[in-house]
Amino acid sequence: MRRTLLLLIMIAGIALIAWSGWQNLRQRRDLLQVQQDRRVDLIPDTQGAATDDSTGGESQLKGKLAPAFTLADIDGKKVSLSDFKGHPLLINYWGTYCAPCKIEMPWLQEFSKKYAADGFRVIGITYDSEVGRDTIARDSKQLGVTYPILLSDPKAEKDYLSNTEVLPMSFYVDKAGKVIEVTAGAGSKDQLESMVKEIIATGVK
Amino acid sequence: MLAAVIYIAGAIALHCCAQLNMSAPAAPKSYVLYAAEPQAVAANKQSDLEVRFQVVQGFHINSHTPRSKFLIPTMLTLQTATGVKPGTPEFPAGQLYSFAFDPSEKVDVYAGSFTVKLPVVAAAGEHSIDATLKYQACDNASCYPPKTLAVKILFTAR
């Protein structure tokens, strides 16, 4: 009789432990969501275009030769950086979801025409190429863009964007193929044009 | 005695799971915050739940009705929950925002806090609706890829 009683007390005690464990698990799950939702990395609210020092990663390319790439354009044609050898170049990473990118792209189009005689060229590289060629083609057409729009790949992304997710990202490359400036975020049309003029004036073919 | 052994094994397993859950990798970077706020509604009557979100300072997200069809609207999708009939989430109006480098272009955004109303008819008892907020954030010059935020809406119907 005593043995049975002892066994019942043990079972009740262990059941209590199991129940409290389960309750604990549920509470922790709910708490975990709140904690995870509160995890943020703050980015300073700077005015205008952020420079290469504000987002990290991209500044690694400044002063170095632009990394080589061969990427498909929206028609599936392969385009390489080496195709633009000797040209001052603006490599512009953009995304179909990115409003500031779409504000500055018509300006890039305008400059690609205005400074074409100086050898200046623009290459757009689409960050969210997973949305598909149709969407990318539709957006670039709507923006009036006629410069090459390429689809990014993981290697180009690693080489140019490092770990940053910031768009737009612009890489100003001189005639010698060196990255003169990197900007994260869109700037004013005047800022953009002065950078274009700078790369036209810099570097030797 | 066998029952006792089974219970001990069960209790140990549950505590192990709790520990594993806590050591799960951290959630990806988020620009919108949500903290479950328990609410009470009348049972078996249509009532509105309020789902409050906070956009991190310095950022904004496209509203549910951005001015361009090319922008990604904020959306809330709901999982089915036993005893709850949810209606269509009602999003607040956004506010017009223009980037400093081009004041003429305006987008429709949420910044600071915003509240989504969720009409529900629920049986008496405690309820939890799992939902996902899809949004796309920008700051004053840059944008970030679309993100999702898992949301648990807790409420009691009395």
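Quick note on labels: first sequence line is chain A, next is B, and so on, each numbered from 1.
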Legend entry - Shortest non-hydrogen contact between A/G187 and B/F101, atoms and distance: O-CB, 3.3 Å
Legend entry - Closest non-hydrogen atom pair, A/P168 against B/S142: CD-CA, 4.4 Å
Inset, instruction - Identify the residues of residues 134-151 of chain A whose heavy atoms come closer than 4.5 Å to a heavy atom of chain B, ordered by number, or report 'none'. - result: A/R138, A/D139, A/Q142
Legend entry - Residue-level contacts of residues 98-114 of chain A with chain B, using a heavy-atom cutoff under 4.5 Å: A/C98, A/A99, A/P100, A/K102, A/I103, A/W107
Inset, instruction - Tell me the residues of residues 70-86 of chain B whose non-hydrogen atoms fall below 4.5 Å from those of chain A, in number order. - result: B/F70, B/L71, B/I72
Legend entry - Inter-chain contacts: residues 103-122 of chain B against chain A, heavy atoms under 4.5 Å: B/E105, B/V107
Inset, instruction - Please round to the nearest 0.5 Å and tell me the distance separating atom SG of B/C138 and atom OH of A/Y97. - result: 8.5 Å
